[in-house]
Amino acid sequence: MQYLPIFIDLKDKEVLVVGGGHIAKRKIDLLRQAHAKIQVVAEQLSSPLHTLWQTGQINWLSKQFSAEQLATVSLVVVATNDAALNQQVYQLAQQQNRLVNTVDDQAHCSFIFPSIIDRSPVQIAISSAGTAPVLTRLLREKLEALLPQHLSTMAEIAGRWRGKVKATISQLKQRRYFWETLFNHSQFQRLTQNQQVEQAEQFIAEQLQQRPAQLGEVILVGAGPGDAGLLTLKGLQAIQQADVVLYDALISPQILDLVRRDADRVLVGKRAGKPSISQTQINNLLISYAKQGKRVVRLKGGDPFVFGRGGEELQALNQANIPFSVVPGVTAAVGATAYAGIPLTHRDYAQSVTFITGHRQADGNPLAWRSLAQPHTTLVVYMGTIKASEIQTNLLAYGRRADTPVAVISQGTLAQQKTQIGTLDTLTQLAEQAEKPALLVIGEVVALQQQLQWFGQTAIYTTPITLQQKVA
């Protein structure tokens with residue numbers, strides 16, 4: 001973090017602006033919005049600034065800069081075309097521990113002006129640390145379009161009611177729940193949008209009087225295959241409102257960075273061949289946290305209902321009478337193959353797709369290999385690298401062609417994604433070479449990867465691959 005984003009109270013504080021042109025005018029307009037007392041040093045003032053001076057809205061302190069002018073000011077803004085003067089002001093301000101901004105000269109800035117979205121008292125500041133001002137302007141424009149104007153009304157009303165809510169709801173966590181529920185309530189949003197302030201405040205009073213006892217809950221959230229951009233909006237909202245997040249080992253650091261900062265994060269991931277927490281222990285943790293009245297998110301890689309044991313966890317919650325809900329995610333088979341350029345179905349080459357797991361309970365039902373070995377269908381195997389030899393042997397034994405294209409995808413959807421392409425008779429070798437965990441894809445559509453690859457590293461072809469006969 002090159003600059004610490006802070007908000008400074010400049011009301012009735014003196015700010016020195018060195019310069020009297022149109023650039024200085026832009027900064028002065030911003031400082032006036034903060035109710036600062038503006039002292040200007042300039043040989044001459046532009047016409048708009050001259051008008052502000054004549055009407056007493058700024059003070060034209062002097063035509064020449066001197067070090068004594070820094071004695072009583074909180075901030076300094078330098079906006080001249082004289083590089084030597086700019087440097088002199090910066091150095092003297094630094095010596096007196098005054099924060100200084102030299103416009104369009106990052107090397108001579110101890111603070112910078114961000115792009116601002118103003119919904120006072122709600123304010124959002126965006127900065128690129130001075131490296132890409134056009135980019136920050138574009139981001140500001142996008143956020144301006146997204147954020148409703150009535151945010152200011154909501155914040156002003158909340159400010160008036162903050163003390164009453166605190167006096168009524170003593171626990172910090174319960175107060176946060178109250179405010180989150182209020183701000184997300186469609187009726188409160190509608191009243192504030194229509195500037196019906198009196199009715200909105202009456203609505204708060206009613207909600208405060210009628211608020212139910214807060215119950216804990218669990219939300220199963222699918223985090224997707226890795227790329228944080230594939231996390232759904234609803235999933236993002238859930239992890240930013242959670243008190244505690246139980247997450248898998250495969251959750252990317254980029255997604256964990258989106259979790260609310262003061263939420264507890266508990267790693268409960270299971271990795272093949274390594275000591276890990278049992279499923280029963282995970283279930284008990286979910287129940288325990290929920291019974292404490294917490295909002296619990298169970299954050300799972302991919303989709304929680306596709307080989308994610310989400311159903312087992314919900315069964316345990318149901319038996320314990322814990323409220324729950326599910327936010328689906330982009331499953332690994334869909335995300336990783338899309339990023340690899342492998343369509344799971346194609347009218348000419350595959351009219352069906354089957355997902356299986358290579359990791360089954362010891363007493364689990366045997367796989368229907370005869371059905372899985374049918375041509376012109378795509379087979380996707382989760383957690384299949386350890387069982388790759390068994391998968392290869394059974395598919396060949398039940399009639400799948402040895403030259404059927406296969407892919408082994410590691411780190412799917414991440415920048416370091418790696419795709420190995422070969423044929424069914426080389427599947428075991430590819431799986432042994434792959435970084436774990438990896439996804440196995442078997443079927444004619446894999447050959448299309450040569451034409452459709454678009455993301456990341458070029459695939460590694462261990463054997464020549466050709467498109468096989470089209471489906472009749």
Side-chain angles (χ1 to χ4, degrees), residues 165 169-185 207 211-271 274-332 335:
V165 171
I169 308 174
S170 59
Q171 293 186 3
L172 176 62
K173 183 179 67 175
Q174 301 300 327
R175 285 202 303 275
R176 179 167 59 80
Y177 289 168
F178 174 83
W179 286 117
E180 287 176 352
T181 301
L182 179 72
F183 291 140
N184 286 316
H185 200 290
Q207 294 297 304
R211 65 185 183 90
Q214 181 65 38
L215 297 175
E217 63 174 341
V218 176
I219 306 175
L220 261 64
V221 176
D227 183 349
L230 297 179
L231 180 68
T232 65
L233 176 58
K234 193 168 184 179
L236 175 63
Q237 292 169 341
I239 65 176
Q240 291 186 339
Q241 294 179 3
D243 297 310
V244 57
V245 176
L246 281 68
Y247 66 96
D248 286 344
L250 296 180
I251 303 299
S252 68
Q254 293 79 10
I255 291 177
L256 287 178
D257 285 343
L258 299 174
V259 174
R260 203 181 84 228
R261 291 187 178 182
D262 58 344
D264 293 329
R265 305 179 188 189
V266 182
L267 173 62
V268 294
K270 298 184 287 293
R271 300 295 292 269
K274 297 182 180 180
S276 58
I277 188 170
S278 70
Q279 187 60 57
T280 299
Q281 290 174 307
I282 295 174
N283 296 346
N284 291 338
L285 280 174
L286 293 172
I287 294 169
S288 174
Y289 282 122
K291 284 185 175 180
Q292 296 171 38
K294 296 179 182 291
R295 288 181 177 175
V296 185
V297 163
R298 175 68 173 100
L299 190 59
K300 292 175 167 289
D303 180 273
F305 278 5
V306 180
F307 303 122
R309 301 191 183 182
E312 298 176 36
E313 293 173 356
L314 293 192
Q315 285 179 307
L317 294 171
N318 179 63
Q319 292 173 4
N321 295 315
I322 302 296
F324 59 80
S325 57
V326 181
V327 179
V330 177
T331 188

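At least one side-chain heavy atom of Leu317 sits less than 4.5 Å from a side-chain heavy atom of Leu286. Residues Thr331 and Pro225 form no side-chain contact, since every pair of their non-hydrogen atoms from C-beta on lies 4.5 Å or further apart. Here the side chains of Leu236 and Leu258 are in contact, with some heavy-atom distance below 4.5 Å. Side-chain contact between Pro304 and Val221: absent, with no pair of heavy atoms (C-beta onward) separated by less than 4.5 Å. Using a 4.5 Å cut-off on side-chain heavy atoms (C-beta onward), Gln237 and Thr232 make no contact. Counting only heavy atoms from C-beta outward, the side chains of Ile322 and Lys291 approach each other to under 4.5 Å.
Of all heavy-atom pairs between Ala242 and Ala263, the closest is O-CB, 3.4 Å. Taking all atoms of both residues into account, the shortest heavy-atom contact from Val218 to Ala290 is CG2-CB, 4.1 Å. Across all non-hydrogen atoms, the minimal contact from Val268 to Leu285 is CG1-CD1, 4.1 Å. Smallest separation of non-hydrogen atoms from Ala223 and Leu299: CB-CD1, 3.8 Å. The heavy-atom pair separating Gly222 from Leu231 by the smallest distance is O-CD1, 3.8 Å. The two residues Ile282 and Arg298 have their closest heavy-atom pair at CG2-NE, 3.7 Å.
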Val327 and Lys300: side-chain contact (heavy atoms from CB on, under 4.5 Å), yes or no, with the steps?
CA-CA 10 Å; Val327 179; Lys300 292 175 167 289; over 6 Å; no

Walk me through whether Phe324 and Glu313 qualify under side-chain contact (heavy atoms from CB on, under 4.5 Å).
CA-CA 10 Å; Phe324 59 80; Glu313 293 173 356; over 6 Å; no

Trace of the side-chain contact (heavy atoms from CB on, under 4.5 Å) decision for Lys173 with Asp243:
CA-CA 9 Å; Lys173 183 179 67 175; Asp243 297 310; 3.8 Å; yes

Hey, mind stepping through Val165 and Arg175 against side-chain contact (heavy atoms from CB on, under 4.5 Å) and telling me if it holds?
CA-CA 7 Å; Val165 171; Arg175 285 202 303 275; 4.3 Å; yes

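Between the CD atom in Gln281 and the OG atom in Ser288 there is a gap of 12.5 Å [rounded to 0.5 Å]. Rounding to the nearest 0.5 Å places CG of Leu267 at 10.0 Å from CD1 of Ile251. Taking NE2 of His185 as the reference point, atom CD of Glu180 lies at 14.5 Å (rounded to 0.5 Å). With values rounded to the nearest 0.5 angstrom, Ile287 atom CD1 is found 13.5 Å from Tyr289 atom OH.
Of the possible polar contacts, one joining the Tyr177 side chain to the Arg295 backbone as a donor-acceptor pair under 3.5 Å is found. Between the side chain of Asn318 and the backbone N or O of Leu314, no donor-acceptor pair lies under 3.5 Å. Formation of a donor-acceptor pair under 3.5 Å by the Gln319 side chain with backbone atoms of Ala316 is not found in this model. For Asp264 (side chain) and Val244 (main-chain N/O), no donor-acceptor pair under 3.5 Å exists by modelled atom type. Checking side-chain atoms of Asp227 against main-chain N and O of Gly229 turns up a donor-acceptor pair under 3.5 Å.
Side chains of Gln279 and Asn283: a donor-acceptor N/O pair is present below 3.5 angstrom, by distance only.
Within the cation-pi definition used here (under 6.0 Å to the ring centroid, within 45° of the axis), Arg265 does not qualify as a partner of Tyr247.
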